[in-house]
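No hydrogens, no waters, no symmetry mates; every other heavy atom, side chains included, goes into these values. Because the structure is predicted, anything quoted here is derived from the model rather than measured.
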Amino acid sequence: MNDVLMFHISSGSYRVLDIDYAYQALTLHDPHMSTCDAIVLGGRGNGFAVEPWRAPYMTPAPDNVFMLIGCSARSPLFQGFPGKHLPCRNVSGMGCEEYYGCPAWDMVGHKRLGSTFGSGPPECCALSFEAIRAINLSKLECEAYSSAYSLAPLRVDGPSGWSYGIRVKYSVQGHEEFCRACEATGGTCGYGTDGIRQLCMCGSSNSTSNCDSVKSSSSRRIYPLADTFAGLIMCLLAWMTTL
């Protein structure tokens with residue numbers, strides 16, 4: 001329905017806003033993620049976490065900042081960081097100090113708390129994905145989160161001009177020899193919907209070897225294009241469907 005491309009992982013389902021083939025990156029949208037215009041409380045956001053076997057092949061980009069909002073003082077975020085040594089910090093020039101300037105904070109009644117435990121945890125804690133390896137609002141005891149990314153060298157002034165979403169870098173896992181043989185016969189190398197089976201996409205038909213085999217009725221094995229649509233764009237070992 002509605003031709004919306006979705007991306008499904010262990011933390012939830014996301015709408016795919018953009019696929020950047022040149023930089024091997026996806027831009028994902030979580031409908032319950034906070035932005036500069038609205039803060040979505042109640043711990044409803046997906047956050048971002050992948051299964052261990054997928055982690056080597058996809059991870060949020062290093063210039064993607066996650067801003068965790070309304071976290072409990074008991075949150076694992078603040079354990080093991082005495083005094084002023086909290087894990088919160090800016091990422092690619094984006095952080096909570098600027099984010100506090102968004103109109104969304106006026107709606108929730110922003111009260112700027114101190115950065116040390118003496119005056120309570122900060123209302124917002126910005127960090128990179130590498131610093132924590134999983135954004136899970138329940139486990140982190142946080143009420144909400146926002147995510148923004150920078151497309152260097154472009155810089156914008158203020159959080160109202162940030163790009164909100166989760167930018168995920170992916171790497172292609174596959175056999176180079178198979179892809180070279182496929183491309184040499186005019187095909188495009190990809191994967192089936194299971195993220196494992198390699199396919200050579202040859203126009204309206206697909207083959208498990210190369211496009212020459214599609215032309216030979218004695219040796220071809222063709223799969224419907226709709227069954228492998230996700231393989232053309234992902235190569236990420238992830239389930240993607242068109243709803």
Side-chain angles (χ1 to χ4, degrees), residues 5-34 43-69 71 75-81 87-92 94 125-142 144-152 163-176 178-179 189-199 228-241:
L5 189 64
M6 301 296 293
F7 179 60
H8 306 286
I9 52 176
S10 60
S11 56
S13 298
Y14 307 79
R15 183 159 59 93
V16 179
L17 300 179
D18 180 67
I19 303 172
D20 188 332
Y21 295 100
Y23 291 95
Q24 294 190 317
L26 297 173
T27 302
L28 307 178
H29 170 70
D30 174 2
H32 299 302
M33 184 185 75
S34 299
R44 292 185 290 164
N46 288 336
F48 189 88
V50 297
E51 299 86 345
W53 63 270
R54 281 182 176 148
Y57 308 108
M58 61 177 154
T59 186
D63 56 4
N64 194 112
V65 61
F66 286 93
M67 291 170 286
L68 295 163
I69 301 166
C71 301
S75 170
L77 278 176
F78 310 128
Q79 306 308 311
F81 295 96
C88 315
R89 60 196 77 257
N90 287 2
V91 177
S92 294
M94 299 176 291
C125 179
L127 36 69
S128 67
F129 188 77
E130 286 296 321
I132 194 168
R133 305 302 301 170
I135 306 298
N136 184 311
L137 298 186
S138 297
K139 290 182 178 180
L140 294 174
E141 298 187 34
C142 300
Y145 85 106
S146 183
S147 175
Y149 57 92
S150 171
L151 294 177
S163 297
Y164 290 90
I166 304 173
R167 189 166 172 84
V168 179
K169 293 285 290 180
Y170 66 84
S171 61
V172 178
Q173 182 193 31
H175 303 291
E176 293 184 6
F178 177 91
C179 289
C189 190
Y191 286 83
T193 54
D194 58 5
I196 299 174
R197 181 185 59 191
Q198 284 191 298
L199 293 177
T228 57
F229 175 70
L232 175 62
I233 58 175
M234 284 307 298
C235 305
L236 308 179
L237 304 179
W239 293 97
M240 299 187 69
T241 59

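For I132, the side chain to side chain contact (heavy atoms under 4.5 Å, CB included) partners two or more places apart in sequence, or in a different chain, are L77, L127, I135, L140. In terms of the side-chain hydrogen bond (donor to acceptor under 3.5 Å, both in side chains) criterion, residue partners of S11 (sequence neighbours excluded) are, by chain and number, Y14. Applying the side-chain hydrogen bond (donor to acceptor under 3.5 Å, both in side chains) criterion to S34, with sequence neighbours excluded, gives no partner residue. By the side-chain hydrogen bond (donor to acceptor under 3.5 Å, both in side chains) test, S75 is found to be paired with no residue, residues two or more places apart in sequence or in another chain being considered. Under the rule for a ring-ring contact (aromatic ring centres under 6.0 Å, His included), Y149 has no partner lying at least two apart in sequence or in another chain. Listed by chain and number, the residues in a salt bridge (charged side-chain N to carboxylate O under 4.0 Å, His left out) with D20 are R167 (sequence neighbours excluded).
The distance from atom OG of S13 to atom NE2 of H29, rounded to the nearest 0.5 Å, is 12.5 Å. Interatomic distance, CG of D18 versus CG of L5, reported as 11.0 Å (0.5 Å rounding).
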**Message:** Apply side chain to side chain contact (heavy atoms under 4.5 Å, CB included) to residues T27 and I166 and explain how you reach the verdict.
**Reply:** CA-CA 6 Å; T27 302; I166 304 173; over 6 Å; no

**Prompt:** Would F66 and V91 count as a side chain to side chain contact (heavy atoms under 4.5 Å, CB included) if you check the C-alpha gap in whole Å, the side-chain angles of each, and the deciding distance to 0.1 Å?
**Reply:** CA-CA 9 Å; F66 286 93; V91 177; over 6 Å; no

**Message:** Using disulfide (SG to SG under 2.5 Å), reason through C125 and C71 one step at a time and then give a plain yes or no.
**Reply:** CA-CA 8 Å; C125 179; C71 301; over 6 Å; no

**Request:** Any chance you could lay out the side-chain hydrogen bond (donor to acceptor under 3.5 Å, both in side chains) test for N64 and S147, step after step, and finish with the verdict?
**Result:** CA-CA 7 Å; N64 194 112; S147 175; 2.8 Å; yes

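Closest of all the heavy-atom pairs between V16 and F7 is CG2-CB, 3.8 Å. The two residues K169 and A25 make their nearest non-hydrogen contact at CD-CB, 4.1 Å. The two atoms that bring H8 and R54 nearest to each other are O-NH1, 4.0 Å, heavy atoms only. Taking both residues in full, the closest heavy atoms of G165 and M33 are given as N-CE, 3.4 Å, listed atom of the first, atom of the second, then distance.
Side chains of M58 and L26 form no contact here, defined as non-hydrogen atoms less than 4.5 Å apart. Using a 4.5 Å heavy-atom threshold, the side chains of T59 and V168 count as separate. Counting heavy atoms from C-beta on, the side chains of M94 and S150 come closer than 4.5 Å. A 4.5 Å side-chain heavy-atom check between R15 and M6 finds at least one atom pair inside the cut-off.
When atom types are taken as modelled, the side chain of R133 and the backbone of A131 share no donor-acceptor pair closer than 3.5 angstrom.
Of the options F48, Y145, Y164, a side-chain contact (heavy atoms from CB on, under 4.5 Å) to D30 is made by Y145 and by none of the others.
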